[in-house]
Amino acid sequence: MSKKIVTILVTAAVTATLLIVLFIFLMPTYGPRFLHPLMADSMPQSMPAGRAEHMMNAAPPAGLDTAANRLTDNEQFRVSFSSDLDPVVINQMHSWTLHVETAAGQPVENAEILVDGGMPQHGHGLPTQPQVTEYLGEGNYRVEGLRFQMGGWWEVKFDITADGHDTITFNLVLGG
Amino acid sequence: MSHPRQLFIILALLGIIGLAAAAYAWWPRPNDWTAAERATLQTLGLDSLPPLPADPSNRYANDAQAAAWGEKLFFDTRFSVNGQVACGTCHLPQLGFQDGLPLGKGVGQTGRRTMPIAGTAYSPWLFWDGRKDSQWAQALGPLESAVEHGSSRTQYAHLIATAYRDEYEAIFGPLPDLTGLPAAAGPVDNPSARAAWEGMSAAGQEAVNQIFVNIGKAIAAYERTLLPQPTRFDAYVQAAVAGDTAVMRDLFTADEVAGLRLFIGQANCIRCHNGPLLTDNDFHNTAVSQAPGLPEDLGRAAGAPQVLADEFNCLSAYSDATSEQCAELRFILAEGEQLIRAFKPPSLRGVAQRPPYMHAGQIATLEDVLIHYNTAPTAPAGHSELEPLNLSPAELEQLLAFLQTLNE
Ligand SMILES: [Cu+2]
């Protein structure tokens with residue numbers, strides 16, 4: 001009788017140990033999803049854009065809006081871009097066409113547009129100085145001189161002055 | 001009575017299956033790459049090198065006759081003030097077209113390290129600071145540098161007329177009449193040659209410049225043919241793209257694979273050493289020390305204004321390009337903090353075979369280069385783009401092993 005109980009207890013203990021070992025060893029396969037939050041705290045996570053200094057090798061933040069057609073920051077204009085180089089890849093000089101219209105959908109003529117940008121996680125700007133070189137009509141503008149020299153999260157910002165002034169930041173995540 | 005025994009067997013079986021699954025999950029499979037990693041690897045392989053880009057600024061760029069003649073000029077020591085220096089004196093073919101010295105030795109000593117040449121046809125900018133924007137314009141620099149070839153453009157024009165008249169005229173048409181042309185004249189450091197140049201008529205200068213430019217264009221036509229050769233790494237990339245584990249295992253040791261994984265991952269070397277040439281041909285401050293005994297070097301911050309002012313740049317009268325074809329120059333980033341002590345990353349192909357390293361040979365060995373990246377010192381000026389990697393000594397060994405797979 002007591003021998004039976006010992007056998008059961010020993011078997012249970014061995015199996016439990018095996019299951020725990022199994023849980024630990026299989027972690028690389030199923031990832032950190034069953035970890036206790038306390039344990040998960042030391043896992044690298046994407047950080048808010050403000051803390052840009054120490055994330056040279058971090059992934060782009062989750063939920064980054066990479067849409068190519070958006071309202072400007074103060075919703076004055078609706079802006080979209082299309083690239084001559086599609087998909088955009090690194091180390092190639094290329095141009096974009098930027099389309100600017102009012103929030104109501106009227107093309108914005110002869111706006112004054114400045115271009116800026118960079119990599120927020122790397123702390124550097126664009127490697128070139130792109131410029132709007134031509135107004136193409138119907139709210140379309142030619143942006144020349146774009147080249148991205150590395151993969152990762154890039155911001156391209158436009159500062160638009162027409163009947164009103166507003167800014168917009170497009171996000172690109174490039175491979176390579 | 002038999003109940004506990006059955007339970008025991010079931011539990012034991014469960015345990016064994018669990019252990020087997022764990023062993024399977026943990027068994028090292030270094031050659032397993034995710035689809036995203038495979039795509040990244042593919043961008044680094046030589047198979048991804050696009051065809052030679054056109055050089056619209058040089059109408060002789062793809063002229064085989066010009067290339068054959070340019071090769072002769074590249075190795076002809078008569079193109080120097082002392083008859084002893086050719087391009088090939090510093091750019092030795094058997095050493096990957098560099099010289100293995102911290103600083104180049106011509107007529108005098110250069111202020112920077114000799115760069116390898118293979119694949120530079122793909123680079124929009126030439127030199128460590130990119131102060132030239134084409135191979136032909138670049139070639140004209142050393143010819144008139146006091147510490148390299150040390151002579152001047154009228155001497156070279158005379159030399160062409162006496163030593164290479166037929167070959168020159170077969171490619172570029174008749175040479176102008178050179179009678180009365182000073183023996184040594186050009187916008188160089190040497191005061192008498194400079195004075196002689198300033199004493200020449202604009203038309204005379206123009207005629208000499210045209211010959212000088214054609215020398216550069218022929219040398220460039222030759223340099224375009226110098227391309228990187230396939231390495232063990234490229235064979236590995238082919239196998240990785242094809243998912244051929246057996247071939248991958250044959251080609252790379254576990255350390256080399258781990259080093260490659262660090263290169264494209266945790267160490268993120270690929271930020272700047274990207275594409276099949278393993279350089280982005282842009283400019284970065286990587287906190288390399290100011291070489292002792294040399295004047296302060298501002299890197300790209302000095303090179304950008306120079307290329308804009310260069311009499312032989314893409315927008316100059318000597319360029320065969322239209323201004324639309326000079327996008328790099330027209331949209332150049334010419335000022336700003338990020339250019340201070342920013343230098344062009346050399347291609348890492350063949351890098352293990354050509355110490356010392358960096359723009360003035362500041363770092364003697366590849367091991368020390370990796371320690372530099374691991375600790376990321378602060379930049380002597382400007383702002384470093386690096387951040388400490390904190391890799392273990394074993395991981396640094398792996399990176400080193402990987403870099404050695406880039407040998408031809
Ligand atoms: Cu970056």
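A note on names: the letters A, B, ... follow the listed sequences, proteins ahead of strands, and every chain is numbered from 1.
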Interchain contact, [X] with chain B, by part (heavy-atom threshold 4.5 Å):
{"X": "T128(A)", "value": "both"}
{"X": "I90(A)", "value": "side chain"}
{"X": "I8(A)", "value": "side chain"}
{"X": "T17(A)", "value": "neither"}

Structural part of [X] lying under 4.5 Å from a heavy atom of chain A:
{"X": "E385(B)", "answer": "both"}
{"X": "H284(B)", "answer": "side chain"}
{"X": "E328(B)", "answer": "both"}
{"X": "I264(B)", "answer": "neither"}
{"X": "S123(B)", "answer": "neither"}
{"X": "I332(B)", "answer": "backbone"}

At their closest point, which heavy atom of [X] faces which heavy atom of [Y], and how far apart are they?
{"X": "P127(A)", "Y": "L333(B)", "value": "O-CB, 3.4 Å"}
{"X": "M150(A)", "Y": "C272(B)", "value": "CE-SG, 4.3 Å"}
{"X": "A327(B)", "Y": "M93(A)", "value": "O-CE, 3.4 Å"}

Self-check item: Top of I16(B), D282(B), L339(B) for chain A proximity - count of heavy-atom pairs under 4.5 angstrom
Solution: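 Answer, by heavy-atom pair count under 4.5 Å with chain A: D282(B).
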Atom [atom1] of [X]: over 12 foreign heavy atoms under 6.0 Å:
{"X": "H94(A)", "atom1": "NE2", "result": "yes"}
{"X": "D163(A)", "atom1": "CG", "result": "no"}
{"X": "E134(A)", "atom1": "CD", "result": "yes"}

Quiz prompt | Name of the residue among N274(B), T43(B), N281(B) meeting side-chain contact (heavy atoms from CB on, under 4.5 Å) with N91(A) | solution =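 It is N274(B); the other options fail the test.
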Quiz item: Relative to chain B, which of L126(A), L146(A), V89(A) shows the most heavy atom pairs under 4.5 Å?
Solution: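 Answer, by heavy-atom pair count under 4.5 Å with chain B: L126(A).
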Quiz prompt | Pairwise distance CD(E324(B)) to CD(E144(A)) - rounded to 0.5 angstrom | solution =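 The CD atom of E324(B) sits 8.0 Å away from the CD atom of E144(A).
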Quiz prompt | Atom pair CG (L19(A)) and CG (L14(B)), whose distance is rounded to the nearest 0.5 Å | solution =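 These two atoms lie 7.0 Å from each other.
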